[in-house]
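Here the structure comes first, spelled out in structure tokens, and everything after it is commentary.
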Protein chains: 4
Amino acid sequence: MERRGRVRSEEARTAVLTATRDLTIGGGYAHLTIEKIAAQSGVSKATIYRWWSSKNAILAECVLEGMVLPDPGAAASDAIGIDAADWFRAVLAYIDEPDTTALLRGIVAASYEDPTIARLLYERLGAPIEARFTQWLQSANARGTVPAAVTAGAAAQVLFGSILVRLALWDDADEDATAAVFDAITTSLELGGAPAAPAP
Amino acid sequence: MERRGRVRSEEARTAVLTATRDLTIGGGYAHLTIEKIAAQSGVSKATIYRWWSSKNAILAECVLEGMVLPDPGAAASDAIGIDAADWFRAVLAYIDEPDTTALLRGIVAASYEDPTIARLLYERLGAPIEARFTQWLQSANARGTVPAAVTAGAAAQVLFGSILVRLALWDDADEDATAAVFDAITTSLELGGAPAAPAP
Amino acid sequence: MERRGRVRSEEARTAVLTATRDLTIGGGYAHLTIEKIAAQSGVSKATIYRWWSSKNAILAECVLEGMVLPDPGAAASDAIGIDAADWFRAVLAYIDEPDTTALLRGIVAASYEDPTIARLLYERLGAPIEARFTQWLQSANARGTVPAAVTAGAAAQVLFGSILVRLALWDDADEDATAAVFDAITTSLELGGAPAAPAP
Amino acid sequence: MERRGRVRSEEARTAVLTATRDLTIGGGYAHLTIEKIAAQSGVSKATIYRWWSSKNAILAECVLEGMVLPDPGAAASDAIGIDAADWFRAVLAYIDEPDTTALLRGIVAASYEDPTIARLLYERLGAPIEARFTQWLQSANARGTVPAAVTAGAAAQVLFGSILVRLALWDDADEDATAAVFDAITTSLELGGAPAAPAP
DNA sequence: ATCTAAGCGAGACGGTACGTCAAGTCTTGTT
DNA sequence: AACAAGACTTGACGTACCGTCTCGCTTAGAT
């Protein structure tokens with residue numbers, strides 16, 4: 001007793017995701033419509049609705065598909081000893097790509113209207129950050145330089161928040177501030193109780 | 001030659017803003033429509049369009065009107081010596097009010113689609129935080145306890161980011177993490193180079 | 001206390017009815033769509049749906065408007081003494097106009113799906129025939145030439161049926177038969193108990 | 001060289017026709033869809049389209065299959081001497097069966113959109129009537145009681161028209177009128193030039 | 001006993017039209 | 001003037017069927 005009937009078209013699925021990404025980059029979340037996705041992808045509305053329950057569901061799959069965040073810094077993630085500052089700067093640079101900015105902005109906007117998107121976004125963007133910090137904290141802890149109150153979750157949340165702020169403030173974001181925040185964090189963690197190191 | 005004719009109805013203006021706030025609280029930004037605002041406020045669509053250019057413009061005026069953020073901590077703002085932790089906890093408590101959460105979420109979502117809203121939001125929410133930190137930093141600087149790299153802007157941005165994260169992650173936000181971040185910040189600023197207190 | 005607001009556009013209403021008639025003539029009831037009516041009339045779908053509940057309702061209004069059946073033979077209806085055969089031949093000629101045929105066919109088809117249309121159609125097409133026969137029967141009765149069993153309703157129904165048959169059978173209808181039926185009817189009525197003249 | 005492969009499933013064919021009949025009875029021609037026929041019959045759409053070119057083709061086959069009109073009066077058709085009034089009353093009674101009414105209404109509606117259906121319908125319903133009248137007329141002619149102008153075709157067309165009118169007028173049809181028409185016809189034919197009995 | 005050519009149910013697909021909703025504009029009469 | 005009421009065009013919504021098209025399974029004559 002096997003699965004019967006015509007199989008789902010992978011081609012159509014990809015076309016929808018690509019069109020969704022491109023339209024979000026081009027016009028923002030507010031101007032993204034199923035109608036346009038259908039037109040641009042060449043996939044019919046009926047088919048889109050067969051597989052996705054909403055605009056947000058498509059966007060969510062885009063995130064999962066890695067079309068949005070190709071695991072920032074994944075390339076270097078194997079080495080615990082990676083330089084944290086380098087890594088963070090790579091993330092910032094990636095986010096500052098115009099296309100990425102636009103796409104992320106759309107997904108973040110959707111996150112404020114749909115918890116599902118939010119969860120997915122944090123899983124793709126926040127969780128990797130958190131994982132990395134967990135590793136760094138472990139090695140730092142071994143050296144006894146980290147205050148007990150500091151958790152990887154808190155650190156990740158701060159960095160995730162920095163990204164949200166950058167996206168929210170459009171061109172007004174203070175880029176130096178973001179970098180300064182990260183420097184303060186890493187300095188205090190890497191270097192332990194150095195006299196400097198306040199958070200922001 | 002004076003302006004002739006009927007004057008703008010303050011009553012209508014207030015009704016629109018109130019209805020907009022209530023609808024955003026009730027159904028979120030995504031379900032907010034001019035049609036519903038008109039129906040709920042008893043103000044005609046034509047009148048709304050006469051005075052506001054868009055849904056976002058109304059929301060922006062709500063922010064300005066203080067319907068959203070009644071200057072968190074304004075009551076205590078005269079005293080430089082206010083306890084920073086108390087102040088921040090007041091802000092968090094305010095944001096965690098269900099109505100405030102819903103309304104803010106709507107406005108933040110709008111911010112990602114409209115820089116005007118974003119700017120306004122930061123002016124109301126971020127700037128006061130920044131101003132307060134500036135004061136605190138000045139007194140701390142006088143005591144020589146603050147590292148040069150830390151700016152009021154960066155500190156404000158971190159706190160602003162914390163708020164965005166809380167709103168973005170819905171019920172998944174790690175509340176302790178937010179508090180821990182702030183503790184770390186204030187500890188390091190208030191207490192100066194104490195060995196503890198790295199950012200996150 | 002007067003009616004406020006913009007008044008209904010008579011222009012739009014007429015455009016819709018005209019477009020509906022033309023489309024029914026051109027493509028038949030089966031190919032008549034609201035979408036095409038909207039496109040051809042230049043009136044938006046929303047407006048159409050505001051005023052008519054369905055395709056059939058528009059068609060019904062076409063009938064009422066006299067766009068379909070401009071009261072067949074109305075011109076000569078003032079004279080009781082009109083020659084019945086002439087009148088019926090005029091009706092048949094009118095029905096045999098290609099445009100009328102197509103339009104009527106559409107409305108008759110709709111009648112079989114919607115009693116409202118049917119009723120309206122009979123009011124416009126059957127009732128006038130019935131009225132005319134009533135007059136003729138009265139003058140014939142005065143001459144004592146009409147059998148008691150014959151009613152105007154029955155006569156009208158037969159003629160109405162003849163029309164339906166003509167429309168239903170498309171090009172296969174036996175035109176001579178229709179005329180023969182009518183001749184038989186009128187002969188018997190006009191001439192009284194002449195030996196000829198059984199109905200069919 | 002014989003045809004190879006699986007043979008057409010008679011079971012599927014019957015299921016489609018039955019489902020079509022039942023759906024037409026239940027919801028009328030307007031709500032009849034291939035999709036529903038497929039669902040109700042358990043036959044796939046592909047198979048339906050393989051054997052029938054359209055909804056109307058299926059309906060046509062229903063007519064041919066005798067699912068609609070089991071040759072009204074066929075049982076008594078061998079006897080020329082059958083009482084015409086009895087026969088016609090049997091036909092009317094059959095047509096007045098609610099299921100028959102609904103089904104016929106559907107097929108008649110289709111006739112106005114598709115000449116093929118119309119032709120088939122007349123072959124099944126009109127032609128037998130015509131044949132019967134031909135027989136009656138022959139025996140009447142032998143007795144010299146029928147006016148020359150009356151043809152079997154005309155008589156059949158009148159009766160066919162009566163049926164269409166009954167179906168078209170839904171519950172408003174004047175049943176007595178239909179019977180009166182028939183009485184007039186048969187009386188004049190059976191009884192010859194009796195002074196009574198002109199058709200309507 | 002295999003091959004091979006249909007027939008078949010399942011169901012995905014690109015379309016067209018549906019009937020609804022909201023956006024933003026315009027008109028009418030009242031305040 | 002400013003306003004409410006509300007008609008209007010536009011465009012997107014999500015659904016229902018259309019007719020076509022793979023799929024994998026079943027059936028039966030030809031090899």
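Letters go in sequence order (proteins before strands), and every chain restarts at 1.
- Rounding to whole angstrom units, CZ of residue D:R13 and P of E:dC8 are separated by 12 Å.
- Summarising the geometry, the separation between CD1 on C:I48 and C1' on F:dT9 is reported as 12 Å, rounded to the nearest angstrom.
- Taking for each of C:E10 and D:S54 the nucleotide of DNA chain F with the nearest heavy atom, the 5'-most of the two is the partner of C:E10.
- Annotation: proximity of residues 26-35 of chain C to DNA chain E (heavy atom, distance under 4.0 Å) is found for C:T33, C:I34, C:E35, numbered in ascending order.
- Looking only at distances, a side-chain donor or acceptor of D:W170 sits under 3.5 Å from a matching main-chain atom of C:S111.
- Judged purely by atom type and a 3.5 angstrom limit, D:Y112 has no side-chain atom pairing as donor or acceptor with the backbone of C:A110.
- No donor-acceptor pair closer than 3.5 Å links the side chain of B:K36 to the backbone N or O of B:L23.
- Computed from coordinates, the B:N56 CG to E:dA22 P distance equals 18 Å when rounded to whole Å.
- When distances are taken from the side chain of C:T47 to each of F:dC8, E:dC13, F:dT15, the shortest belongs to F:dC8.
- Listed nucleotides F:dA12, E:dG14, E:dT4 differ in distance to D:R4; the shortest reach to its side chain belongs to E:dT4.
- Map D:S53 and D:V7 each onto its nearest nucleotide of DNA chain F; the residue landing nearer the 5' end is D:S53.
- If you check E:dC26, F:dG19, F:dT15 against the side chain of B:A46, the one that comes closest is E:dC26.
- Checking A:A12 against C:G5, the closest nucleotide of DNA chain E that is more toward the 5' end is the one next to A:A12.
- Atom CD of B:E11 is separated from atom P of F:dA2 by 17 Å (rounded to the nearest Å).
- Distance, D:I58 CD1 to F:dC18 C1': 13 Å, rounded to whole Å.
- Across the protein-nucleic acid pair, A:I37 atom CD1 and F:dC13 atom C1' stand 13 Å apart, rounded to whole Å.
- Taking atom NZ of A:K36 as the reference point, atom P of F:dG11 lies 10 Å away to the nearest angstrom.
- With hydrogens and angles ignored, a donor-acceptor pair under 3.5 angstrom links the side chain of D:R6 to the base of F:dT26.
- If you check distances only, the side chain of C:K45 does reach the base of E:dG19 with a donor-acceptor pair under 3.5 Å.
- Taking atom OH on C:Y49 and atom P on E:dA17, their separation rounds to 12 Å, with Å as the unit.
- A donor-acceptor contact closer than 3.5 angstrom is absent between the side chains of D:S54 and D:N56.
- Put simply, the side chain of B:T18 reaches to within 4.5 Å of the side chain of B:R21, judged on heavy atoms.
- At a threshold of 4.5 Å between non-hydrogen side-chain atoms, the residues B:L120 and B:L59 do not count as touching.
- Minimum atom distance to the side chain of A:W51 is reached by E:dA12, of the listed E:dA12, F:dT9, E:dC8.
- Between D:E61 and D:R13, at least one side-chain N (NZ, or NE/NH1/NH2) sits under 4.0 Å from a carboxylate O, which counts as a salt bridge.
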